[in-house]
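Note sheet for the following structure.
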Amino acid sequence: MPTYFHLDMDAFFVSVEELFDPALKRKPVVVGGRPNERGVVSAASYAARQFGVHSAMPLRTAYKLCPQAIFVDGHPERYREYSGKVYQALQSFSPLVEMASIDEAYLDMTGTERLYGPPLRAAYLLHERILRSTQLNCSIGIAASRLVAKISSDLAKPNGVLWVIPGHEAAFLAPLDVRKVPGVGKVTEKNLHALGIRKVGDLAKLEESFLAERFGKWGLALAGKSRGLDAGGWFDTAIGEDTGPKSISHEHTFSEDTADIAQLEATLARLSEMVGRRLREHRLHAGAIQLKLRYSDFSTITRARSLSRATQLDTELFQQARELFRRNWRTGAPVRLLGVHASGFEEEAPQMDLIGEEHHERWKQTLAAADRLRERFGESAVSLAAGMRGQFRERTHENPAGLPGKKPKG
DNA sequence: TCTGGGGTCCTAGGACCC
DNA sequence: TCTGGGGTCCTAGGACCC
């Protein structure tokens with residue numbers, strides 16, 4: 001019988017912000033931006049949650065519910081730093097660790113009784129170690145499956161530990177709302193409610209075949225989940241097994257919708273550079289590029305194309321993204337969001353003919369130099385030529401890395 | 001309410017091949 | 001003139017998670 005821990009940091013973003021500004025402690029705090037900005041709540045303190053504020057809620061709505069809340073911008077670097085500290089502490093505790101997101105992790109604790117004692121004792125030791133090394137609180141769920149461990153860490157919050165003793169899974173799950181099952185969101189919940197299914201116990205009573213007929217493959221997985229079983233997808237991989245990224249993307253929502261072609265293409269250039277940089281960090285080449293385009297009415301299209309040769313070069317990514325944009329933009333229609341998405345990764349640089357080789361090599365060296373400059377002076381220090389037009393003009397330098405190629409017109 | 005940004009996984013239709 | 005079946009790849013969209 002395996003033993004899994006699911007560890008989830010309590011109000012992670014808010015708690016990290018409190019470490020940098022202790023005056024925020026115990027106050028209603030909303031992380032995500034100013035109340036009059038376009039955007040949603042990334043995280044809300046427990047005091048803010050009392051007013052009905054929760055993550056993913058528009059900032060304007062949060063302000064209406066809780067005008068006295070302190071609104072702060074998010075600091076992704078800080079969260080990454082503290083996520084790293086959490087990971088270090090976990091690794092010092094057990095080698096079989098996997099971060100499932102920036103603020104949660106699974107541990108395979110099977111067979112550690114001799115080292116740490118029974119599960120509850122191990123969990124308290126771990127809880128102490130996390131607090132000591134990060135100054136942050138967490139909650140821990142313990143179970144014989146990762147799924148049940150995750151659900152129980154949610155119920156243990158805040159700052160608690162909950163162990164579902166093997167054999168008691170069904171009794172634990174039965175009274176919970178179906179929404180508590182990871183993977184059941186708004187839509188599935190509504191579909192289940194329409195069938196009179198509200199609790200996990202209602203789900204577990206149904207025949208597998210009924211769910212499979214109704215919801216296909218997803219229905220089958222759901223039947224298993226309602227019984228507390230790990231099955232399918234990520235659950236089939238061992239904890240700690242390293243699977244690299246499958247896609248890399250960046251997107252931007254404009255503070256005001258725009259139809260200004262210079263601003264739109266400058267944004268595409270910047271997004272392409274950000275994607276290219278991440279590709280090079282991971283030593284990956286993208287075999288496919290996708291453009292995302294959202295209009296004022298929130299209608300969204302994606303347009304993708306496979307590349308004849310995989311690439312990690314900003315210029316090639318930008319060329320493809322711009323081509324997709326020019327072909328698919330309803331000319332003149334104001335745009336709310338643009339995104340550039342890379343996938344179909346290959347690790348090794350693909351073969352090229354000799355003539356292309358020299359040009360390609362020069363670009364690679366140039367971009368490596370640009371990446372080093374960005375490391376020293378920040379993301380906006382270096383930019384593609386097209387990025388110099390439009391809104392980013394003031395933030396870029398004239399060709400600081402000696403970029404090869406033509407200068408932009410105008 | 002007026003809706004971010006970064007991901008993963010699944011479905012479904014059409015192209016294409018044998 | 002009307003007519004296969006299966007497999008795989010590509011593309012678009014959507015549900016969901018943090």
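Reminder, nothing fancy here: chain letters follow the sequence lines and each chain counts from 1.
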_Nearest-angstrom distance from the residue atom NZ of A:K64 to P of B:dT1_ = 7 Å
_What is the distance, to the nearest angstrom, from the CZ atom on A:F298 to the C1' atom on B:dT3?_
5 Å
*Looking at every strand, decide which applies to A:E104 at a 4.0 Å heavy-atom threshold: base, sugar-phosphate, or nothing.*
sugar-phosphate
_Rounded interatomic separation in angstrom, taking CG from A:L293 and P from B:dG5_ = 14 Å
*What nucleic acid atoms does A:V41 come within less than 4.0 Å of, heavy atoms only: base, sugar-phosphate, or nothing?*
nothing
*Look at the side-chain N and O atoms of A:R336 and state whether any lies under 4.0 Å from the OP1 or OP2 oxygen of B:dT3.*
yes
*Considering just the side-chain nitrogens and oxygens of A:R303, establish if one lies under 4.0 Å of OP1 or OP2 belonging to C:dG13.*
yes
*Expressed in whole Å, how much space separates the P atoms belonging to C:dC16 and B:dC2?*
23 Å
*asked:* Can you work out whether A:R278 or A:G39 has the more 5'-proximal nearest nucleotide on DNA chain B?
replied: A:G39
*Taking for each residue the nucleotide of DNA chain B with the nearest heavy atom, is it A:S249 or A:E37 whose nucleotide lies nearer the 5' end?*
A:E37
*Please report, rounded to the nearest Å, how far the C1' atom of B:dG5 is from the CG atom of A:D73.*
14 Å
*asked:* What's A:I301 touching, base or sugar-phosphate or nothing? Going by heavy atoms closer than 4.0 Å.
replied: sugar-phosphate
*asked:* On the nucleotide C:dC18, are OP1 or OP2 found under 4.0 Å from the side-chain N or O atoms that A:S55 carries?
replied: no
_Distance in angstrom units between A:L337 CG and C:dG13 P, rounded_ = 14 Å
*Whole Å only: how far is the CG atom of A:L291 from the P atom of C:dA12?*
10 Å
*Does a salt bridge link A:E316 with A:R309, judged by any charged N lying under 4.0 Å from a carboxylate O?*
yes
*For B:dC17 and C:dT3, measure between their P atoms and round to the nearest Å.*
23 Å
_Just to be sure I understand the rule, does A:K190 reach a base, reach only the sugar-phosphate, or reach nothing, if contact means heavy atoms closer than 4.0 Å?_
nothing
_Can you see if the side chain of A:R294 gets near the phosphate of B:dT3 - specifically, an N or O under 4.0 Å from OP1 or OP2?_
no
*asked:* If you compare every side-chain N and O of A:T302 against the phosphate oxygens of C:dA12 (OP1, OP2), does one of them come in below 4.0 Å?
replied: no
*In this structure, which one of A:Y4, A:F5, A:W234 forms a ring pair (Phe, Tyr, Trp, His ring centres under 6.0 Å) with A:Y106?*
A:W234
*Look through every strand shown and name the nucleotide pairing with C:dC18 as Watson-Crick or G-U wobble, where both distances are under 3.5 Å.*
B:dG5
*asked:* With a 4.0 Å cut-off on N to O distance, would you call A:D314 and A:R280 a salt bridge?
replied: yes
*Taking NZ, NE, NH1 and NH2 as the nitrogens, is one of them in A:R38 or A:E256 under 4.0 Å from a carboxylate oxygen of the other?*
no
*Lys/Arg-Asp/Glu bridge criterion (N-O < 4.0 Å) met for A:D177, A:K199*: yes
_Side-chain N or O of A:H250 versus OP1/OP2 of B:dG5: is the shortest distance under 4.0 Å?_
no
*Using a 4.0 Å heavy-atom cut-off across all strands, classify A:V40 as base, sugar-phosphate, or nothing.*
base
Would you tabulate the pairs of protein nitrogen or oxygen atoms and nucleotide nitrogen or oxygen atoms of nucleotides 8-11 of chain B closer than 3.5 angstrom?
from  : atom 1 : to     : atom 2 : distance (Å)
B:dT8 : OP1    : A:K246 : N      : 2.9
B:dT8 : OP2    : A:S247 : N      : 3.3
B:dT8 : OP2    : A:S247 : OG     : 2.7
B:dC9 : OP1    : A:K246 : NZ     : 3.4
B:dC9 : OP2    : A:K246 : NZ     : 3.2

*asked:* Looking at A:T253, I'd like to know whether one of its side-chain N or O atoms comes within less than 4.0 Å of OP1 or OP2 on B:dG5.
replied: yes
*Answer yes or no: does a side-chain N or O of A:R60 lie under 4.0 Å from OP1 or OP2 of B:dT3?*
yes
*Interatomic distance, A:K292 NZ vs C:dG13 C1' [rounded to whole Å]*: 11 Å
*Whole Å only: how far is the CG atom of A:N191 from the P atom of C:dC16?*
8 Å
*asked:* What's the separation between atom NE2 in A:H127 and atom CG in A:L125, rounded to the nearest 0.5 Å?
replied: 12.0 Å
*Considering only NZ, NE, NH1 and NH2 on the basic side and carboxylate oxygens on the acidic side, decide whether A:R26 and A:E18 come within less than 4.0 Å.*
no
*Between A:F93 and A:Y116, is the ring centre distance below 6.0 Å?*
yes
*Qualifying residue for salt bridge (Lys or Arg N to Asp or Glu O under 4.0 Å) with A:E17, from A:K25, A:K27, A:R78*: A:R78
